[in-house]
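Worksheet for the structure shown next.
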Amino acid sequence: MGPANTPSNVRPADEHGESPRPSDASENPADSEGRTLRRGLLLLDTVQRAGDAGLRVVELCRASGLQRATVHRLLATLLDTGHVQRAGRFHYVAAARREPQAAGASDLARRIAPVLARVSKACGDAAFAVVREGHSSWCIARHVGNYPVQMLTVQVGARQPLGVGAAGLALLAALPDDEAQAAIHGHGVMLARYGGMTPERLELLVRNTRERGWAVVGNHAVQGVLGVGRAVCDAEGQPMAGISVAASTDRMTQQRQRWIAGLMKEALGDWAGRAD
C-alpha cells in the first residue's frame with residue numbers, strides 16, 4: 001500500500017522496535033518529558049550493565065532499541081551531567097560518581113564561603129566555587145558582591161562542561177594531563193553550545209592557565225562576561241575545587257584581572273593556613 005493510503009493519524013516508528021502509533025498533536029508536555037526521561041534512564045542502565053568494557057553507539061542502539069540520533073542526544077546530556085564518560089574514542093562507560101566528594105560538597109561550600117565573601121567584598125563582584133563531577137563543573141557556592149551590576153553567571157547547583165567557566169577552567173588545568181584531556185574530549189556536542197567552544201580552544205585555554213597560574217575565560221559560559229579563576233588544592237596539592245570572580249568584559253581589564261587573581265591567591269593562602 002502506498003503512502004497516499006496511509007491513515008493520517010498514523011506515523012512511522014521513530015525508534016527501533018517501536019510500532020507505529022497514532023499521532024497526538026495535543027500531547028501533554030509532561031508526557032513527552034516523561035518519555036525522554038525513561039529513554040535516558042534506559043540508556044544509562046544499558047551503559048552501566050556493560051561494565052568497564054563500555055559500548056559503542058551502534059551497540060547502544062542495538063541494546064536499547066533507540067535510534068542513533070536519540071542515543072547521541074541522550075549521551076550528550078549524560079556526559080554533561082557526569083553520569084557517563086568516554087573510554088577511548090568510540091566507547092562509553094558509566095562514570096565514577098565520586099560519592100564521597102558529593103557528600104562533602106556542602107561541607108566544602110560552608111568552609112570556603114569566607115574565601116568567597118572576602119574576595120567578593122574586596123572587588124565588589126560575584127564570586128563562585130565549583131567542584132568537579134565527571135566532565136562537568138558543579139557550582140556549590142556563590143557570594144554576591146556590592147557592585148550595582150552583578151554577573152550571576154551560574155546558580156548554586158548548576159552544572160556545565162568543565163572549563164567553559166573560569167573556576168572550572170582553573171580546576172581543569174590543575175588536573176593531571178590525561179584526566180584533563182579526557183574531560184576536554186568527553187564533552188561531545190555540548191561544548192559548542194557555550195559560545196562556540198571547541199576542544200582545541202579549550203586545550204589552548206588550559207595551556208595558558210598552566211603558564212599563567214590562574215584562569216581567564218570570557219564569552220563562553222555567558223556572552224559579555226569574563227571570569228578569573230584559581231584552583232583550590234588540598235593539603236597534598238590535589239585539586240578539589242575552583243573559585244572565580246565574574247564581571248562584564250568592559251569592567252574586567254587586564255590590570256583588574258591580575259589584581260583579582262592576587263586577591264584570590266591571598267585569600268586561599270590564608271584559608272589553607274587556618275585549615276592546617
Side-chain angles (χ1 to χ4, degrees), residues 105-133 136-174 194-197 201-202 205-206 208-234 239-275:
S106 61
D107 180 61
L108 177 58
R110 177 187 59 79
R111 291 190 293 116
I112 207 167
V115 174
L116 302 186
R118 174 175 166 175
V119 172
S120 182
K121 182 178 180 180
C123 70
D125 297 303
F128 306 83
V130 307
V131 294
R132 178 189 177 197
E133 187 178 79
S136 301
S137 63
W138 172 25
C139 183
I140 61 169
R142 183 180 76 179
H143 193 281
V144 178
N146 55 20
Y147 186 69
V149 180
Q150 295 289 299
M151 297 299 174
L152 305 180
T153 53
V154 293
Q155 302 290 330
V156 173
R159 291 169 173 81
Q160 60 187 16
L162 193 65
V164 299
L169 176 59
L171 180 52
L172 177 64
Y194 291 83
M197 181 68 84
R201 167 71 173 161
L202 195 49
L205 289 171
V206 166
N208 291 343
T209 298
R210 288 170 174 169
E211 292 173 3
R212 189 189 302 112
W214 42 276
V216 177
V217 63
N219 295 317
H220 286 291
V222 178
Q223 189 68 27
V225 176
L226 188 145
V228 174
R230 277 194 179 275
V232 181
C233 297
D234 60 20
M240 62 178 180
I243 64 171
S244 66
V245 168
S248 67
T249 52
D250 291 339
R251 177 171 166 81
M252 196 69 86
T253 63
Q254 288 188 0
Q255 181 179 359
R256 185 175 177 80
Q257 293 170 27
R258 290 191 292 269
W259 176 62
I260 290 175
L263 288 176
M264 290 191 290
K265 182 178 181 180
E266 183 179 337
L268 285 171
D270 292 346
W271 177 73
R274 288 194 300 271

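Just so we're clear, the structure is a prediction, and the values are computed from it rather than from any experiment.
Of all heavy-atom pairs spanning Ile243 and Ile112, the tightest one is CG2-CD1, 3.7 Å. Contact record, Thr209 with Ala170: CG2-CA, 4.3 Å, taken as the closest heavy-atom pair. Looking at every heavy atom in both residues, Leu205 comes nearest to Val216 through CD2-O, 3.9 Å. Of all heavy-atom pairs between Ala246 and Phe128, the closest is CB-CE1, 3.9 Å. When all heavy atoms are compared, the tightest approach of Cys139 to Gln155 is CB-O, 3.5 Å. In terms of heavy atoms, Ser244 sits closest to Ala166 at CB-CB, 3.8 Å.
Taking CZ of Arg258 as the reference point, atom CD1 of Ile260 lies at 12.0 Å (rounded to 0.5 Å). In this structure, the separation between NE2 on His220 and OG1 on Thr153 is 14.0 Å, given to the nearest 0.5 Å. Interatomic distance, Thr249 OG1 to Gln223 CD, rounded to the nearest 0.5 Å: 8.5 Å. Atom CZ of Arg230 is separated from atom CZ of Arg212 by 10.5 Å, given to the nearest 0.5 angstrom.
Contact of the Arg251 side chain with the Tyr147 side chain is registered, since non-hydrogen atoms from C-beta on lie closer than 4.5 Å. With a 4.5 Å cut-off on side-chain heavy atoms, Val115 and Asp270 do not count as touching. Residues His143 and Lys121 have side chains not in contact (no heavy-atom distance under 4.5 Å, counting atoms from C-beta outward).
Distance alone, capped at 3.5 Å, is enough to place a donor-acceptor pair between the Arg210 side chain and the Ala173 backbone. Counting only distance, with no hydrogens or angles, the side chain of Arg142 and the backbone of Val154 share a donor-acceptor pair below 3.5 Å. A donor-acceptor pair under 3.5 Å is formed between the side chain of Arg256 and the backbone N or O of Cys123. Listed for the Gln150 side chain is a donor-acceptor partner under 3.5 Å among the backbone atoms of Gly124. For Gln257 (side chain) and Met252 (main-chain N/O), a donor-acceptor pair under 3.5 Å exists by modelled atom type. Judged by distance alone, with hydrogens and angles left aside, the side-chain atoms of Ser120 form a donor-acceptor pair with the main-chain N or O of Gly145 at under 3.5 Å. A distance-only check finds no donor-acceptor pair linking the side chain of Trp214 to the backbone of Gly262 [under 3.5 Å].
Considering Val164, Val130, Val131 in turn, Val130 is the only one that fulfils the side chain to side chain contact (heavy atoms under 4.5 Å, CB included) rule with Ser137.
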- Task: Carefully, step by step, assess Met151 and Val222 under the rule side-chain contact (heavy atoms from CB on, under 4.5 Å).
- Result: CA-CA 9 Å; Met151 297 299 174; Val222 178; over 6 Å; no
